[in-house]
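Here the structure is laid out as structure tokens; the discussion comes afterwards.
Excluded from the calculations below are hydrogen atoms, water molecules and symmetry mates; all remaining heavy atoms, backbone and side chain alike, are included. What you see is a predicted model, and the numbers here were worked out from it, not measured in a lab. Residue numbers count from 1 along this sequence.
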Amino acid sequence: MATDGVWQMVIQIMQGNIEFGDEGIKKNSWLDPSVLSSQIHGIPGSPPPKNVYGTLSEDEEGDSREYLIGMSAAFINILTTYPLYKVMFRQQLSGLTVGESVIQLRQEGLIRLFRGVQPPLIQRSLNMGIMFGMYDQSKRLIKLAYPDCPTWTYRPAAAIMAGTVEAVLTPLERIQTLLQDGRYNHKFRGTVHAFRELRVYGFAEYYRGLTIILMRNGPCNAVFFGLRHPVKNIMPQTTNEVFTLLEHFVSGALLGTFISIIFYPIQVLKVRMQAKLGGEFLSVSQALLLLYQERGGSLSRMCRGFHINYMRSILSWGIVNVSYEVLRKLVYSV
């Protein structure tokens, strides 16, 4: 916005960074073209800074386009990995083996294989959009308020803030869980019908499992954004585009594997809590005890789906990271 540039110039003049006279504009001032883009960095409505290659460097803030880039990366990921997710979901819900889950889905038919894909497609796209966009915005606000704040502090803080905002999408996760549960195949015809039918149980029913989602989102984001750049930096440096894409995939896959292992028990509890329709709302401890009893006190049965989960995470987070980096490069090079 033009007004942002005017205000920035006024501030620079008041601070003495711009001088007028025979020599013209003071060297290294805000109006000096050599530093213009870096000086307006972070001002709302202004274009983000670019490095010599025309793209953002790893820890520079972007703008509102971060939301769109995150959404697009998630869209590509969901369409690619949804069948694997559905196999894992059946394992989490019923304690089935991989073979039993595949047989069950095969019996239901190919048409129903992508049943329930709309909620995760919408939810994960919005989720990733908020995750990357809000993280970028929160990071910028924290650095503006606390300029001396160290990286290891503002990155996790911004990630947790973004994860908290993501929780507003809990109803979409709730509907997704119900549609993927074979017990409700004949009760809910689809996403819109499930949303409509859930109204009879009250508004709170849409947010069943909110507590466990908050426990997952913030810490998960903190791990991802906290380790994303360090993991990328330990990868071998290359200028080859193919190897660069492979580097993005591997770094995303490593992070995804770590996150999926650490947070898998929380995900199993979330599925168990949200698979319940109506009745008492279970606390996290109650859901844990109930799940333990249902699986016959077996920890291995409680973690059914663990292997396919981290295998899917390798593919999923690898695709997300590659898609995000490629789309970000394309968007900010325009």
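Under a hydrophobic clustering in which Ile, Leu, Val, Met, Phe, Trp and Tyr are joined whenever their side-chain heavy atoms come within less than 4.5 Å, directly or via other members, Val268 and Met311 fall into the same cluster.
The other members of the hydrophobic cluster of Leu282, by chain and number, are Leu290 (side-chain heavy atoms under 4.5 Å, ILVMFWY only).
When the shell of 6.0 Å around CZ of Arg301 is examined, it contains more than 12 heavy atoms from other residues, nucleotides or ligands. Within a 6.0 Å radius of CZ in Phe75, other residues, nucleotides and ligands contribute 12 heavy atoms or fewer. Within a 6.0 Å sphere centred on CZ of Phe281, heavy atoms belonging to other residues, nucleotides or ligands number more than 12.
Within the 4.5 Å cutoff, the side chain of Leu172 has heavy atoms near those of the Phe195 side chain.
The stretch residues 314-324 participates, sequence neighbours left out, in these side chain to side chain donor-acceptor pair (under 3.5 Å) pairs: Glu66-Tyr324, Asn77-Ser316, Arg228-Asn321, Ser251-Asn321, Tyr324-Arg328.
For Arg272 and Glu294, the salt-bridge test passes: some basic side-chain N is under 4.0 Å from an acidic carboxylate O. Salt-bridge formation is detected for the pair Lys270/Glu173: a Lys NZ or Arg NE/NH1/NH2 atom is positioned less than 4.0 Å from an Asp or Glu carboxylate oxygen.
The main-chain N or O of Gly226 is never found under 3.5 Å from a side-chain atom of Arg155 such that the two would form a donor-acceptor pair. Of the possible polar contacts, one joining the Tyr207 side chain to the Val168 backbone as a donor-acceptor pair under 3.5 Å is found.
Using cut-offs of 30° and 60° for the angle between ring planes, the Tyr310 and Phe306 rings count as perpendicular.
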Item to check | Ile213/Ile266 under side-chain contact (heavy atoms from CB on, under 4.5 Å): CA gap, chis, key distance, verdict | outcome: CA-CA 8 Å; Ile213 287 175; Ile266 291 180; over 6 Å; no
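Ring pair Phe132/Phe225: centre-to-centre distance below 6.0 Å.
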